[in-house]
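Below is one structure; the comments refer to it alone.
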Amino acid sequence: MSGWIAPAVTGGYEPVKRVLTIAGSDSGGGAGIQADLKTFQELGVFGMSVVTAITAQNSLGVQGVHPLSAEAVAQQLDSVLDDIGADAIKTGMLFSSDLIEAICVKLEYSRIRSLVVDPVMISKHGSRLLEAQAVESMRGQLFPLAEVITPNLPEACALLGWDESELATVDQMEAAARELLKLGSRHVLLKGGHLSGSSEAVDILLSADAPGSPERYIAPRMPTRHTHGTGCTTASALAALLARGLDMKEAVRQAKSFTLAAIRAAGPLGGGTGSLWHAAWRMEGPSESSERNASEAELAGIRADGTD
Ligand SMILES: Nc1ncnc2c1ncn2[C@@H]1O[C@H](COP(=O)(O)OP(=O)(O)OP(=O)(O)O)[C@@H](O)[C@H]1O
Ligand SMILES: Cc1ncc(CO)c(N)n1
């Protein structure tokens, strides 16, 4: 709690929540730190950033990756956590085991409860954003600290050692979520954006409190190629909403809805995969209402099915 009361996106005044992203910079502005900070601002929390790597990146791909030293990352973390503090933290591109180890030392010490780990590995264009040998550090050291991990399908396969053909249906997604939960996080949100041949975008939430009861979140799949930054946006929205005190199921519902609105409004910036428009949710809800209630306004189109 920051002790700072400010105008809230939901109307009225609220204590300001502090949310930190630990991630890579995307020069094109669509993913990484840039997507995270835009999302935080839209969802009414105070955004902060610890940069792990600079990428030279645009809609066509990743042209360069320049990691920072573990010392530079640890120093940024100290600067933020020793003074300002954080109500939630989201991690994205962490690049190497050296960086993961340095980050885990600080996170263990800070005892942050709402840690959202987006296990970023490979960009949509196929560039490595996490060294292959760092996958083990992520699984073994970072996941047990996480409130929730948010892998996409290729990341889930890499984490479990599965072939992608073994993760091609929603039932297989539920089986994968059960295996991912064994890696030590309190929740798993397995994102189905990469599930081909489906008219729906289905995500699975599984909680350690109810490991036999997966929850399906179902949205219409937007027929667009402009999806750069969907994963970063979902995970940072989740961190912002958890910081604001929503429970996990409601936070997932609203994070998915926020991302869906941003995908719907995404456009052709550059010659390749365009980026999301993070301000879109403002236009989709009943903006005439001063009691702007995201759980109704932003949820048009999202279904949550308990499948116990
Ligand atoms: N075309 C689409 N229409 C609707 N929702 C989508 C679409 N593509 C992805 N999503 C949703 O966006 C969210 C992010 O999922 P996705 O699997 O794309 O993440 P990702 O692969 O990690 O993204 P990134 O490219 O940033 O790494 C999920 O909730 C997913 O269901
Ligand atoms: C810096 C960065 N983080 C995450 C992603 C998601 O793939 C990306 N493309 N770039």
Side-chain angles (χ1 to χ4, degrees), residues 1-23 32-52 73-94 102-120 142-150 184-189 205 207-209 231-259 278 281 292-295 298:
M1 174 83 60
S2 65
W4 173 21
I5 310 287
V9 288
T10 46
Y13 285 78
E14 259 180 20
V16 171
K17 301 296 184 189
R18 307 147 300 176
V19 186
L20 171 66
T21 171
I22 307 174
I33 291 276
Q34 288 78 4
D36 298 343
L37 290 175
K38 289 175 193 180
T39 302
F40 295 160
Q41 184 73 20
E42 287 296 330
L43 291 176
V45 297
F46 185 80
M48 301 167 289
S49 58
V50 164
V51 179
T52 55
V73 170
Q75 196 174 30
Q76 293 174 77
L77 268 168
D78 283 342
S79 294
V80 172
L81 296 178
D82 291 353
D83 177 31
I84 303 167
D87 297 294
I89 297 182
K90 176 247 163 174
T91 68
M93 172 186 179
L94 300 181
I103 290 163
C104 285
V105 169
K106 302 288 176 195
L107 292 181
E108 271 167 31
Y109 180 71
S110 77
R111 298 182 179 278
I112 283 287
R113 184 164 166 74
S114 294
L115 175 64
V116 178
V117 172
D118 188 16
V120 169
L142 189 56
F143 285 5
L145 304 177
E147 183 65 22
V148 56
I149 60 169
T150 63
S185 62
R186 287 181 288 277
H187 303 267
V188 170
L189 177 66
L205 175 69
S207 161
D209 296 334
C232 301
T233 300
T234 304
S236 52
L238 195 48
L241 294 162
L242 291 172
R244 281 179 44 195
L246 273 65
D247 66 32
M248 184 60 70
K249 287 183 184 175
E250 185 59 17
V252 169
R253 229 157 70 90
Q254 292 196 27
K256 187 168 172 69
S257 168
F258 177 85
T259 307
H278 290 88
W281 76 289
R292 195 167 210 305
N293 182 352
S295 59
E298 277 71 64

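With sequence neighbours left out, E147 forms a side chain to side chain contact (heavy atoms under 4.5 Å, CB included) with R113, R186, H187, M248. Residues satisfying the side chain to side chain contact (heavy atoms under 4.5 Å, CB included) test with A23, not counting sequence neighbours, are T21, I33, D36. Shown here are the side chain to side chain donor-acceptor pair (under 3.5 Å) partners of S114, two or more places apart in sequence or in another chain: there are none. In this structure, the side chain to side chain contact (heavy atoms under 4.5 Å, CB included) partners of D247, at least two apart in sequence or on a different chain, are K249, E250. Partners of V120 under the side chain to side chain contact (heavy atoms under 4.5 Å, CB included) rule, at least two apart in sequence or in another chain, are M93, D118, L129. By the side chain to side chain donor-acceptor pair (under 3.5 Å) test, T234 pairs with T259, sequence neighbours left out.
Across every non-hydrogen atom of A6 and V16, the tightest pair is CB-CG2, 3.5 Å. Minimum heavy-atom separation, F40 to G47: CD1-CA, 3.6 Å. What you find for L246 and L242 is that their closest heavy atoms are O-CD2, 3.7 Å. Taking every heavy atom of both residues into account, H278 and F258 meet most closely at O-CZ, 3.6 Å. In terms of heavy-atom proximity, V51 sits nearest to V73 at O-CG2, 3.7 Å. Residues F143 and I149 come closest through the heavy atom pair CD1-CG2, 3.6 Å.
Distance CD/Q76 to CG/L81: 11.0 Å, rounded to 0.5 Å. To the nearest 0.5 Å, atoms CD (Q41) and OG (S236) are separated by 12.5 Å.
Put simply, the side chain of C232 reaches to within 4.5 Å of the side chain of K90, judged on heavy atoms. Residues Y109 and L77 form no side-chain contact, since every pair of their non-hydrogen atoms from C-beta on lies 4.5 Å or further apart. In this structure the side chain of T52 reaches within 4.5 angstrom of the side chain of I22, judged on heavy atoms. A heavy-atom distance below 4.5 Å is found between the side chains of Y13 and P7.
Within the 3.5 Å criterion, the main-chain N or O of V19 finds no donor-acceptor partner in the side chain of D87. Distance alone, capped at 3.5 Å, is enough to place a donor-acceptor pair between the R244 side chain and the L43 backbone.
Within 6.0 Å of atom CD in E14, more than 12 heavy atoms from other residues, nucleotides or ligands are found, so the atom counts as buried in its surroundings.
With L20 as reference, I89 is the one residue of I112, L115, I89 to meet the side-chain contact (heavy atoms from CB on, under 4.5 Å) rule. When each of L94, T91, L145, L107 is tested with V117 by the rule side-chain contact (heavy atoms from CB on, under 4.5 Å), just one qualifies, namely T91.
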